[in-house]
Trainee: 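Shown below is the structure under consideration.
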Amino acid sequence: MQLSEQELIRRETLTELKKLGIEPYPAEEYEVNVKTSDIHQHFPEDKTLYQDISIAGRIMGRRIMGAAAFIELQDSVGRIQLYFKRDDICPGEDKTMYNTVFKRFLDIGDIIGVKGFVFITQMGEITIHVREYRLLCKSLRPLPIVKEKDDKTYDAFTDPEMRYRQRYVDLIVNPQVRDIFIKRTRMVNSMREYLNVRGYLEVETPILQPLYGGAAARPFKTHHNTLDMTLYLRIANELYLKRLIVGGFDGVYEFSKDFRNEGMSRFHNPEFTQVELYVAYKDYEWMMNLVEEMVEKVAMDIHGTTKVQVGDNIIDFQRPWKRFTMFEAIEHFTGIDISEMDEVALRNTAKSVHIELDETMGKGKIIDEIFGAKCEALLIQPTFITDYPVEMSPLAKKHRSKEGLVERFEAICNGKEICNSFSELNDPIDQRERFMSQLELGKRGDEESMVLDEDFLRALEYGMPPTAGLGIGIDRLAMVMTNSPSIQEVLFFPQMRPEKKAIISKDEEFVELGIPVVWVPILRQMGINTIEELQKKSAGQIFNQLGGLRKKNKLDTPMPSQDDVKHWLGQE
RNA sequence: GACUAAGUAGCUCAGUAGGUAGAGCACAUCCCUUUUAAGGAUGGGGUCCUGGGUUCGAAUCCCAGCUUGGUCACCA
């Protein structure tokens with residue numbers, strides 16, 4: 001691998017440190033007895049505090065002025081300034097630890113531990129006066145340098161490709177990124193706490209499933225060698241959680257990583273997280289109240305208020321949320337009442353509002369299309385949409401009073417679905433029929449239709465109590481709660497195309513061809529990194545370029561002859 | 001998958017009637033004992049994403065590809 005000048009210098013520094021007997025990667029524990037945030041919080045009130053502290057972190061900035069220097073130290077919660085004074089670090093005659101090790105061998109990115117006391121500089125900055133320091137880890141790669149003044153950021157590290165591929169760098173230099181992930185975890189903790197207080201049992205169900213079910217999506221497929229069988233990564237865990245309700249639990253939930261082998265976008269990652277919850281003897285009306293209450297609590301726990309800024313909108317999660325049936329929502333946004341329409345009328349209606357349909361779409365699908373095109377994006381404040389067409393919901397119970405509909409709701413917020421819930425279908429005969437009609441869709445080429453799960457049907461035949469089920473998209477909710485415009489911002493390691501690795505031949509391989517070592521870097525300078533690339537060139541071209549670069553680099557080495565070059569290329 | 005924008009130094013970015021590649025930060029060597037996106041002096045650092053083409057000459061124009069972003073499609 002080609003190292004940049006700065007990387008080479010840091011590797012040399014490493015060698016120099018070892019020569020001085022300084023271990024750049026020490027093994028022993030470094031005692032840390034305070035965090036930067038503690039000092040910033042308590043020192044201003046009581047100046048007698050923190051007079052003998054030990055703290056560790058990463059060097060994020062250096063300002064060196066002769067015999068004194070200031071360092072920006074960053075730990076897991078923030079930053080603090082360090083003050084180094086030569087005669088404090090090196091009280092005796094030997095000033096190596098300051099002049100050489102500190103000033104020359106420490107870089108931005110290195111991790112150090114320091115002991116000292118806190119004071120306030122003339123500029124009013126809370127600062128640690130360092131009495132002694134210890135190198136804890138030498139960093140070999142230069143970090144992007146982000147600077148700030150008066151809330152203005154200079155040279156921000158923003159390239160999305162690098163931020164996502166090298167999330168560790170993103171986390172080091174962009175503190176707001178760390179905040180997003182802390183909020184995400186607090187969000188999950190808040191929900192878990194809510195569910196635990198109510199006595200629901202957190203469970204784990206298989207990720208590797210012999211049949212994929214519980215949603216309509218294409219799966220990832222894999223293979224188990226010993227059993228010699230196909231397994232799928234789950235697209236949902238719904239059918240397993242319902243089996244547990246059959247087994248007698250009153251309420252079960254799981255934060256579940258699910259996998260869908262489909263397109264990627266600002267809102268879709270191949271693996272994503274949902275929490276699914278099933279509660280026996282409840283229905284979807286009851287579940288709506290739970291969702292309102294839980295999400296309101298989440299907003300309060302994260303922000304201390306129910307109002308959350310998302311893009312240009314302020315979204316208020318305070319209960320109660322607006323509720324629309326799907327028909328009401330469509331009428332509200334289009335002025336058209338479709339509740340009594342047959343398929344022909346629906347088709348004409350869709351056409352009149354410029355929605356493209358294809359022939360395979362049935363009544364339910366057309367209604368869903370109209371809703372998706374005309375309503376969803378306009379629902380900014382949290383809103384429940386209820387009573388969906390039965391065709392779209394093969395696992396939901398038929399509506400108690402409305403023909404052709406199911407007892408299902410989604411919560412829409414900022415124009416996107418954040419949860420999906422229904423009164424679960426527990427009639428095994430009806431469930432089998434629904435699966436059968438899904439199979440029909442599959443035969444017609446719908447790759448996302450559901451497959452028949454005989455074991456699940458067997459469980460339903462033993463009897464599942466009336467149950468309310470819920471799925472909340474954790475990533476989507478995290479996007480809303482952290483005001484993040486894309487799902488990649490709320491996933492530590494979003495899926496990316498593989499990084500292409502430059503293939504580079506080793507120096508020795510060039511030398512083996514008879515090329516003197518001094519010329520190898522020159523060849524690399526010409527853009528030739530592999531033997532293959534070299535052998536594609538013509539000897540004359542190489543010879544000419546060598547001459548040019550020899551002059552440019554002011555090399556004393558005598559030029560090889562054109563025959564030598566031919567020999568290197570094996571072109572004799 | 002379609003359309004579109006971008007890809008230049010470690011980082012952020014300039015750079016057209018095609019004509020020797022620039023700045024700030026970072027880095028190196030100095031100066032400076034409480035500074036703060038420190039300052040000053042000097043210096044090093046670039047297959048201008050890759051491959052073709054046009055041209056005497058391409059970072060720049062054309063074509064193809066790669067990667068990333070955006071929009072749409074797909075994702076009930």
Side-chain angles (χ1 to χ4, degrees), chain A residues 2-10 12-13 61-72 79 81-88 98 103-104 107-109 119-125 127 129 141-165 169 173 215-218 235 260-270 272 356 361-362 364-365 367-369 371-372 388-396 408 410 417 420 438 441 446-450 485-486 488 496-500 502 523-529 533 545 552:
Chain A
Q2 287 286 71
L3 295 176
S4 70
E5 185 195 19
Q6 291 187 43
E7 289 171 302
L8 288 169
I9 289 169
R10 289 196 180 200
E12 282 165 24
T13 301
R62 303 199 304 157
R63 297 181 285 277
I64 294 176
M65 304 151 298
F70 294 89
I71 295 289
E72 288 289 326
R79 289 189 182 189
Q81 175 167 271
L82 308 181
Y83 173 62
F84 282 71
K85 192 172 164 189
R86 177 163 57 205
D87 296 336
D88 285 1
Y98 183 85
K103 276 168 72 177
R104 288 188 48 224
D107 289 295
I108 291 173
F119 74 108
I120 295 185
T121 65
Q122 289 172 12
M123 298 298 290
E125 179 84 16
T127 301
H129 188 125
R141 279 178 189 263
L143 284 173
I145 308 292
V146 179
K147 294 192 172 177
E148 275 180 37
K149 191 189 186 183
D150 302 332
D151 286 337
K152 267 174 77 179
T153 302
Y154 299 81
D155 299 336
F157 177 66
T158 54
D159 178 32
E161 179 165 8
M162 269 204 286
R163 285 189 49 227
Y164 302 148
R165 282 196 201 282
V169 175
V173 304
R218 275 177 288 165
I235 57 174
R260 296 188 183 175
N261 204 342
E262 293 175 338
M264 289 165 60
S265 79
R266 197 152 71 86
F267 296 100
H268 300 85
N269 194 67
F272 64 101
E356 287 189 29
M361 289 178 181
K365 180 75 181 163
I367 294 170
D368 191 63
E369 287 288 318
F371 177 77
Y388 282 63
V390 64
E391 296 92 327
M392 315 298 297
S393 315
L395 300 167
R408 170 178 173 184
E410 291 189 359
E417 170 196 341
N420 184 15
Q438 287 289 310
L441 289 174
D446 185 345
E447 291 183 84
E448 285 157 358
S449 65
M450 291 187 190
S486 86
Q488 293 159 309
M496 302 286 278
R497 280 205 167 73
E499 219 172 336
K500 59 175 177 196
L523 289 172
R524 295 202 193 277
Q525 208 173 341
M526 285 161 57
I528 298 171
N529 280 312
E533 282 169 349
Q545 290 186 19
K552 190 181 170 191

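Just so you know, these numbers use all the heavy atoms, side chains as well, and skip hydrogens, waters and symmetry mates. Small disclaimer: the values here were computed from a predicted structure and weren't measured. Chain naming here is simple, since letters A, B, ... match the order of the sequence lines and numbering starts at 1 in each.
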Trainee: 5'-most contact on RNA chain B: A:Arg408 or A:Arg497, nearest heavy atom basis?
Mentor: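 That would be A:Arg497.
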Trainee: Please list, chain by chain and in numerical order, all residues satisfying side chain to side chain contact (heavy atoms under 4.5 Å, CB included) with A:Gln6, sequence neighbours excluded.
Mentor: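 For A:Gln6 the side chain to side chain contact (heavy atoms under 4.5 Å, CB included) partners, ignoring immediate neighbours, are A:Ser4, A:Pro142.
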Trainee: Report yes if a side-chain nitrogen or oxygen of A:Arg63 is closer than 4.0 Å to either non-bridging phosphate oxygen (OP1 or OP2) of B:rU35; otherwise report no.
Mentor: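 Answer is no, no contact under 4.0 Å.
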Trainee: Taking any strand in view, what nucleotide pairs with B:rC25 in a Watson-Crick or G-U wobble way, both distances under 3.5 Å?
Mentor: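 B:rC25 is paired with B:rG10.
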Trainee: Looking for any heavy atom pair under 4.0 Å, which part of the strands does A:Gln81 touch: base, sugar-phosphate only, or nothing?
Mentor: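 The residue A:Gln81 makes base contact.
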Trainee: Let me know the distance between CG of A:Asp155 and P of B:rC11, rounded to the nearest Å.
Mentor: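 Answer to the nearest Å: 12 Å.
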Trainee: With a 4.5 Å cut-off on side-chain heavy atoms, are A:Arg141 and A:Glu7 touching?
Mentor: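 In contact.
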Trainee: How long is the gap from CD on A:Gln438 to CG on A:Leu395, to the nearest 0.5 Å?
Mentor: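 A:Gln438 CD to A:Leu395 CG: 8.0 Å, rounded to 0.5 Å.
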Trainee: Report the base-pairing partner of B:rU71 (Watson-Crick or G-U wobble, both distances below 3.5 angstrom), or none.
Mentor: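 When the pairing criteria are applied, B:rA2 turns out to be the nucleotide that pairs with B:rU71.
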Trainee: With nearest nucleotides of RNA chain B determined for A:Pro144 and A:His129 from heavy-atom distances, which residue corresponds to the more 5′ nucleotide?
Mentor: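 Whichever sits nearer the 5' end wins; that is A:Pro144.
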Trainee: Under 4.0 Å, heavy atoms only, any strand: does A:Arg79 hit a base, just the sugar-phosphate, or nothing?
Mentor: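 A:Arg79: no heavy atom of the nucleic acid under 4.0 Å.
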Trainee: In whole angstrom, give the distance that lies between atom CD1 of A:Ile64 and atom P of B:rC31.
Mentor: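 Taking CD1 of A:Ile64 and P of B:rC31, I get 12 Å after rounding.
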Trainee: In the strands shown, is B:rG51 matched to any nucleotide by a Watson-Crick or G-U wobble pair with both distances under 3.5 Å, and which?
Mentor: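 When the pairing criteria are applied, B:rC63 turns out to be the nucleotide that pairs with B:rG51.
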Trainee: For A:Gln488 and B:rG69, is the shortest distance between a side-chain N/O and OP1 or OP2 below 4.0 Å?
Mentor: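 So the side chain of A:Gln488 is within the cut-off, an N or O lying under 4.0 Å from OP1 or OP2 of B:rG69.
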Trainee: Would you please name every residue forming a ring pair (Phe, Tyr, Trp, His ring centres under 6.0 Å) with A:Phe70, sequence neighbours left out?
Mentor: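 With neighbours one apart ignored, the set is A:Tyr83.
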Trainee: Is any side-chain nitrogen or oxygen of A:Arg62 closer than 4.0 Å to OP1 or OP2 of B:rA26?
Mentor: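 Checking A:Arg62 against B:rA26: no side-chain N or O falls below 4.0 Å of OP1 or OP2.
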Trainee: How long is the line joining CD of A:Glu5 and P of B:rG46, in whole Å?
Mentor: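 After rounding, the reported distance stands at 8 Å.
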Trainee: What integer distance in Å separates A:Met264:CE from B:rA73:P?
Mentor: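 Answer to the nearest Å: 18 Å.
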Trainee: Counting only Watson-Crick or G-U wobble pairs whose two distances fall under 3.5 Å, which nucleotide matches B:rU36?
Mentor: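 B:rU36 is paired with nothing.
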Trainee: Rounding to a whole Å, what distance do you find between A:Arg86:CZ and B:rU33:P?
Mentor: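 Distance check: A:Arg86 CZ to B:rU33 P gives 8 Å.
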Trainee: What's A:Asp159 touching, base or sugar-phosphate or nothing? Going by heavy atoms closer than 4.0 Å.
Mentor: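 Since only primed, P, OP1 and OP2 atoms lie under 4.0 Å of A:Asp159, the category is sugar-phosphate.
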Trainee: Atom OH of A:Tyr83 and atom C1' of B:rU35: how far apart are they, to the nearest Å?
Mentor: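 From A:Tyr83 OH to B:rU35 C1': 10 Å.
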Trainee: According to the Watson-Crick and G-U wobble definitions, with both distances under 3.5 Å, which nucleotide is paired to B:rG46?
Mentor: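 With both distances under 3.5 Å required, B:rG46 matches none.
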Trainee: Inspect the contact between A:Glu72 and A:Arg62 and indicate whether a charged nitrogen and a carboxylate oxygen are less than 4.0 angstrom apart.
Mentor: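 Result for this pair is no, no salt bridge flagged.
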Trainee: Using whole Å, what does the distance between atom P of nucleotide B:rU36 and atom CD of A:Glu148 come to?
Mentor: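 In whole Å, B:rU36 P and A:Glu148 CD are 17 Å from each other.
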Trainee: Partner of B:rG19 by Watson-Crick or G-U wobble geometry, both contacts under 3.5 Å, or none?
Mentor: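 By the stated definition (distances under 3.5 Å), B:rC56 pairs with B:rG19.
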Trainee: Rounded to whole Å, please give me the gap between CG in A:Leu8 and P in B:rG44.
Mentor: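 Distance check: A:Leu8 CG to B:rG44 P gives 17 Å.
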Trainee: If the cut-off is 4.0 Å, is A:Arg165 near the phosphate of B:rU68, judged by side-chain N/O to OP1 or OP2?
Mentor: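 Yes.
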Trainee: Could you give the distance from CZ (A:Arg260) to CG (A:Asn269), rounded to the nearest 0.5 Å?
Mentor: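 Rounded to the nearest 0.5 Å, the CZ-CG separation comes to 12.5 Å.
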Trainee: Taking N and O atoms by type only, does the side chain of A:Glu125 place a donor or acceptor under 3.5 Å from a partner on the base of B:rU34?
Mentor: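 For A:Glu125, whose side chain was compared with the base of B:rU34, there is no donor-acceptor pair (under 3.5 Å).
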Trainee: Across the strands shown, which category fits A:Phe119 at heavy-atom distances under 4.0 angstrom: base, sugar-phosphate, nothing?
Mentor: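 A:Phe119: base contact, heavy atoms under 4.0 Å.
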Trainee: Work out how far the P atom of B:rA5 is from that of B:rU47, and round it to whole angstrom.
Mentor: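 Roughly 28 Å separates the two P atoms.
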Trainee: Could you tell me whether A:Arg408 and A:Glu410 have a side-chain N and a carboxylate O separated by less than 4.0 Å?
Mentor: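 Salt bridge present between A:Arg408 and A:Glu410.
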Trainee: Looking at every strand, decide which applies to A:Ala156 at a 4.0 Å heavy-atom threshold: base, sugar-phosphate, or nothing.
Mentor: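 Sugar-phosphate, no base atom in range.
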Trainee: Nearest of B:rU33, B:rU68, B:rC13 to any side-chain atom of A:Glu161?
Mentor: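 Selected nucleotide (nearest to the side chain): B:rU68.
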